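Have a look at the structure below, then the notes.
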Amino acid sequence: MKTPLVAINMKTYPESTGEAGLKLAALCEEVFEETEKSIAIAPQQCDLSLYANTFGLPVFAQHVDNVKQGSTTGRITPEAIKAIGCAGTLINHSEFRISPEDVKILVSRCRELGLTTIVCTKDAEESQAYAMFKPDFIAVEPPELIGGDISVTTANPEVVSDSVKLVKQVASEVKVLCGAGVKNGKDVSKAIELGADGVLLASGVVKAKDQKAVLLDLVSDI
Ligand code: G3P
């Protein structure tokens, strides 16, 4: 996946539900086409198939379950998201933590299927530990800054630069994203300055009054 990457986790906000979510994804696609910048979206789980078949930009699941295909009611397998055309998945998001063993197995299952993995972490040490599983991306997001007004790049720039340093020590090919409170192009530029390969964000775009203006600003300097 091309970097710098701006990955948008649509979570389950009212603004990403139903028609509103489709409108937001259409704006992401517009900006993706107009600017040719690397933008990916992670819509609500119930919308994955629709989005993967409608929009011409990479669609990620917000989570997949480490369960076998078959008698596992209500779960979403890596095989299922691959079959409907998703590009990849978030794993271990702060709002959906799973065990280290499950992270390891899911990264490996997704790799075999050709799915791009973004493993979320809470700090630099966890970034290094999970980099050893060789996901495509580590996304470091201090939980206390998620959904807040101050970007991780301002509130805790060290967690970004330390994550980059520690990840590269164990797996130079693993790329690093940062997230939590990212709102604008300056935050994205700062992330790149700190050594990151892009950002993972949600509320800054999803809850914005003018979502397209925010999207254009986010990719303006990359
Ligand atoms: O996955 C993105 C995320 O947890 C950050 O959320 O709202 O702080 O951009 P937000």
Side-chain angles (χ1 to χ4, degrees), residues 1-13 15-16 21 24-25 27-43 57-58 60 62 88 90 92-95 116 118-124 126-127 130-131 135-168 174-222:
M1 186 140 311
K2 197 173 116 189
T3 55
L5 172 66
V6 172
I8 298 162
N9 177 5
M10 295 169 68
K11 301 196 176 179
T12 59
Y13 286 111
E15 295 87 343
S16 70
L24 170 57
L27 291 177
C28 293
E29 186 181 48
E30 253 175 60
V31 173
F32 173 70
E33 283 169 357
E34 283 168 21
T35 64
E36 295 182 0
K37 300 294 168 67
S38 188
I39 300 174
I41 52 171
L57 73 181
F60 279 67
Q62 296 180 9
L90 304 182
N92 195 47
H93 190 275
S94 179
E95 291 148 13
T116 299
I118 301 177
V119 172
C120 300
T121 62
K122 64 178 187 309
D123 57 29
E126 198 173 71
S127 296
Y130 285 157
D136 296 285
F137 293 90
I138 289 287
V140 63
E141 302 193 315
E144 68 281 7
L145 298 174
I146 290 179
D149 288 328
I150 306 174
S151 168
V152 61
T153 52
T154 303
N156 191 353
E158 299 76 24
V159 78
V160 181
S161 49
D162 289 351
S163 286
V164 172
K165 194 174 87 190
L166 293 184
V167 164
K168 301 296 174 187
V174 175
K175 298 187 176 75
V176 178
L177 305 178
C178 64
V182 171
K183 298 268 183 296
N184 54 46
K186 277 197 187 126
D187 299 335
V188 179
S189 302
K190 188 69 193 297
I192 307 297
E193 248 176 71
L194 293 166
D197 298 284
V199 294
L200 174 62
L201 78 158
S203 53
V205 173
V206 178
K207 294 172 77 178
K209 279 214 175 82
D210 186 343
Q211 294 167 327
K212 181 155 183 191
V214 171
L215 286 162
L216 285 168
D217 183 40
L218 283 166
V219 299
S220 59
D221 266 349
I222 54 173

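It should be emphasised that the depicted structure is a prediction, and the values quoted were computed from it without experimental measurement.
- Scored by the side chain to side chain donor-acceptor pair (under 3.5 Å) test, E126 finds K122 as partners (sequence neighbours excluded).
- To the nearest 0.5 Å, atom CG of residue L201 and atom CD1 of residue I146 are 11.5 Å apart.
- When the side chain to side chain donor-acceptor pair (under 3.5 Å) test is applied to K183, no partner is found at least two apart in sequence or on another chain.
- Nearest heavy-atom pair across L166 and A124 is CD1-O, 3.7 Å.
- Residue A208 comes nearest to V214 through the heavy atom pair CB-CG2, 3.6 Å, listed as atom of the first residue, atom of the second, then distance.
- Nearest heavy atom pair, residue G179 against residue V152, reads O-CG1, 3.4 Å.
- S38 contributes a side-chain N or O that, together with a main-chain N or O of K2, makes up a donor-acceptor pair within less than 3.5 Å.
- No donor-acceptor pair under 3.5 Å is formed between the side chain of D217 and the backbone N or O of N184.
- With a 4.5 Å cut-off on side-chain heavy atoms, K190 and T154 do not count as touching.
- Rounded to the nearest 0.5 angstrom, C120 SG and E141 CD are separated by 5.0 Å.
- Put simply, the side chain of I8 reaches to within 4.5 Å of the side chain of C28, judged on heavy atoms.
- Considering NZ of K11 and CG of L90, their distance stands at 10.0 Å, rounded to 0.5 Å.
- No donor-acceptor distance shorter than 3.5 angstrom exists from the side chain of S127 to the backbone of S163, with no hydrogens or angles considered.
- Side-chain contact between P135 and Y130 is absent, with no heavy atoms from C-beta onward closer than 4.5 Å.
- With contacts defined as side-chain heavy-atom distances shorter than 4.5 Å, the pair V6/I222 qualifies.
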Test side-chain contact (heavy atoms from CB on, under 4.5 Å) on E30 and L27 and set out the steps. CA-CA 5 Å; E30 253 175 60; L27 291 177; 4.1 Å; yes
Working note: V206 + L24, criterion side-chain contact (heavy atoms from CB on, under 4.5 Å); need CA distance, chi angles, decisive distance, verdict. CA-CA 7 Å; V206 178; L24 170 57; 3.9 Å; yes
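- Proximity of a side-chain donor or acceptor of T35 to a complementary backbone N or O of V31 within less than 3.5 Å is detected.
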Derivation of the side-chain contact (heavy atoms from CB on, under 4.5 Å) call for D187 and V199: CA-CA 9 Å; D187 299 335; V199 294; over 6 Å; no
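- Rounding to the nearest 0.5 angstrom, the gap separating the CD1 atom in I150 from the CD atom in E144 is 11.0 Å.
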List the steps and the verdict of salt bridge (Lys or Arg N to Asp or Glu O under 4.0 Å) for E34 and K212. CA-CA 12 Å; E34 283 168 21; K212 181 155 183 191; 3.0 Å; yes
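- Once rounded to the nearest 0.5 Å, the distance linking CD of E193 with CG of D221 reads 10.0 Å.
- Between A202 and N9, the closest heavy-atom pair is CB-O, 3.1 Å.
- When side chains are defined from C-beta on, T116 counts as touching F60, because their heavy atoms get closer than 4.5 Å.
- Nearest heavy atom pair, residue V140 against residue T121, reads CA-OG1, 3.4 Å.
- Smallest separation of non-hydrogen atoms from M10 and G21: CE-O, 3.5 Å.
- In this view, D197 and T3, K168, K175, V176 satisfy the side-chain contact (heavy atoms from CB on, under 4.5 Å) rule, not counting sequence neighbours.
- Counting heavy atoms from C-beta on, the side chains of V174 and F137 never come closer than 4.5 Å.
- Between V182 and the choices L200, L218, V205, the side-chain contact (heavy atoms from CB on, under 4.5 Å) rule is met once, by L218.
- Counting heavy atoms from C-beta on, the side chains of V219 and F32 never come closer than 4.5 Å.
- Distance SG/C178 to CD1/I192: 8.0 Å, rounded to 0.5 Å.
- Side-chain contact check for Q62 versus E95: every heavy-atom pair is 4.5 Å or farther apart.
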